[in-house]
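A short worksheet on the structure shown next.
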There are 2 protein chains.
Amino acid sequence: MTSGTEVEAPTQRSLRKADRRAAILDAAAALFAARGYAGVTLDELGAAVGVSGPAVYRHFPGKGAVLAAILVDASRALLDGAERVLAVDATPEAALRALIRFHVEFAVGDADVIAVQEREVTQLDPAARHEMRTLQRTYVEHWVGVLDRLRPDLAEEELRVRAHAAFGLMNSTPHSARTPGRRPAATTIRGILEEMTWASLMS
Amino acid sequence: MTSGTEVEAPTQRSLRKADRRAAILDAAAALFAARGYAGVTLDELGAAVGVSGPAVYRHFPGKGAVLAAILVDASRALLDGAERVLAVDATPEAALRALIRFHVEFAVGDADVIAVQEREVTQLDPAARHEMRTLQRTYVEHWVGVLDRLRPDLAEEELRVRAHAAFGLMNSTPHSARTPGRRPAATTIRGILEEMTWASLMS
DNA sequence: ATTTGATGTTAGTGGCGACTAACCGAAACG
DNA sequence: CGTTTCGGTTAGTCGCCACTAACATCAAAT
């Protein structure tokens, strides 16, 4: 240990390792979304990334940690995105439009992650659940803050209910994505969801 | 067996049995909503209704059947409700308003069931899943039918996306219900959700 | 009053799957 | 180069929990 904060070796081994870790998280999100956290074995998860079984333990301390990483990463990504948006947009209208656009983009683009996040919270260990809840609460408060400037007539509790309702609307893609037959293109879906969300929040 | 369709004995035993069955389904919905289907053991489920362990097998062939009963019952209740609504209301506006009111009432009143229905589909055995999907598809088509009369300008695929988005919005109570602190009364929440859903669908 | 059968009980059993152990080959590093 | 460390392997182990067995009890038919 030389001193202080290390950035260190961009060694070839560590790169492959980072790749594998990302691949595991990706595959896990898809598998968990399709068959549920409990319905996926570590052997299957390993097989999905081309290694088999307990190799996952070289990257995560256990199955629960994989789930935790997916959920916490997602919550942090959402929060970061929201704060980036809020740092830029001045007026409440522009801010809300940007928040909606960002959230819809995320939900449509990472439908698997959204599905897992909505379904498997109950399976999280207390520590990870707490971390995720904290991130989510802050995220909600950013929305409520913007809504409050737009709708000062409404109570904060009502605004919170409205924010959650908007999330439910925007997060609906995992459900409609499972319908058979012709589905509209992703861009079309984004447009619809953005429009509906705006209208619902402004009603 | 005397003949044909039997209605038979409203015997005291069969009444207690029906009660117990209902109690099991109720407790199961609450437990599954709180800790997830996989996170609940049959012993716990039994304990929640005052019997312990394998007594559940006197009422259901297995744990999976309990989940299936909850989900299929819920889907059937929603479908029945929608068809009752559509049999009464003449104009598309009135029909949509009534559909929204009914669905919101159900979602807010039976938040546990809604939560389980949204989260645990993946755990269903194929037969039950198929039955549930059929019921749900018909339910969606009723909504799309009404929307189509109100918004003939929009393509059916878009209407289906909109219907799913509306469900996500109306089903958001299980999520907002978990927030700490003062929450608005159920009737207030219903009003907010009805208003937002209407606005989103009409936008 | 007797028999039947439904609803419970407690004590197993069996399988599945997360996790551990022991061992390999090859980067990384002096 | 020698050695360490890392990412992988295969072969267990261990605990949990859905389900089964065997038995008790009491409503309900006869």
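Below, read A as the first sequence line, B as the second, and so on, with proteins coming before strands; counting in each chain starts at 1. Computed from a predicted structure; not experimentally measured.
Summary of the strand contacts: Pro54(B) and Arg16(A) both lie near DNA chain D, and taking for each the nucleotide with the nearest heavy atom, the more 5' one is attributed to Arg16(A).
We find that CG of Asp125(A) is positioned 11 Å from P of dC19(C), with the value rounded to whole Å. Note: OH (Tyr57(A)) to C1' (dT10(D)) measures 15 Å, nearest angstrom. The nearest whole Å value for the distance from the CG atom in Leu67(A) to the C1' atom in dA18(C) is 15 Å. Remark: C1' of dC16(D) and NZ of Lys63(B) are 11 Å apart, rounded to the nearest angstrom. Residue Gln12(B) contributes atom CD, which lies 11 Å from atom P of dA29(D) at whole-angstrom precision.
The stretch residues 33-53 of chain B touches DNA chain C through Val51(B), Ser52(B), each having a heavy atom within less than 4.0 Å of the strand. The stretch residues 23-32 of chain A has no heavy atom under 4.0 angstrom from DNA chain C at all.
Counting heavy atoms from C-beta outward, Met202(B) and Trp198(B) have side chains that approach closer than 4.5 Å. Considering only heavy atoms from C-beta on, Ser203(B) comes within 4.5 Å of Arg162(B) through its side chain. Between Val49(A) and Asp26(A), every side-chain heavy-atom pair lies at or beyond the 4.5 Å cut-off.
In terms of modelled atom types and a separation under 3.5 Å, the side chain of Arg151(A) and the main chain of Leu159(A) share no donor-acceptor contact.
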Are there any protein N/O atoms within less than 3.5 Å of an N/O atom in nucleotides 4-7 of chain C, and if so, which ones and at what distance?
unit_1 : atom_1 : unit_2   : atom_2 : d
dG5(C) : N2     : Arg13(B) : NH2    : 2.5
dT7(C) : OP2    : Lys17(B) : NZ     : 2.5

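Remark: Phe32(A) CZ to Lys63(A) NZ distance equals 6.0 Å, nearest 0.5 Å. One distance of note links CG of Leu86(B) with CH2 of Trp143(B); it measures 10.0 Å at 0.5 Å rounding. Within the model, atoms CG of Leu67(B) and CG of Leu124(B) stand 5.0 Å from one another, a figure rounded to the nearest 0.5 Å. His59(A) NE2 to Leu25(A) CG: the interatomic distance, rounded to the nearest 0.5 Å, is 10.5 Å.
Which of dC19(C), dA28(C), dA18(D) sits closest to the side chain of Thr11(A) comes down to dA28(C).
Outside the 6.0 Å centre-distance limit, the rings of Phe167(B) and His175(A) are not counted as a close aromatic pair.
Applying the side-chain hydrogen bond (donor to acceptor under 3.5 Å, both in side chains) test between Ser75(A) and each of Arg137(A), Arg133(A), Gln117(A) identifies Gln117(A) as the sole match.
Looking only at atom types and distance, the side chain of Thr188(B) has no donor-acceptor partner in the side chain of Glu158(A) under 3.5 Å away.
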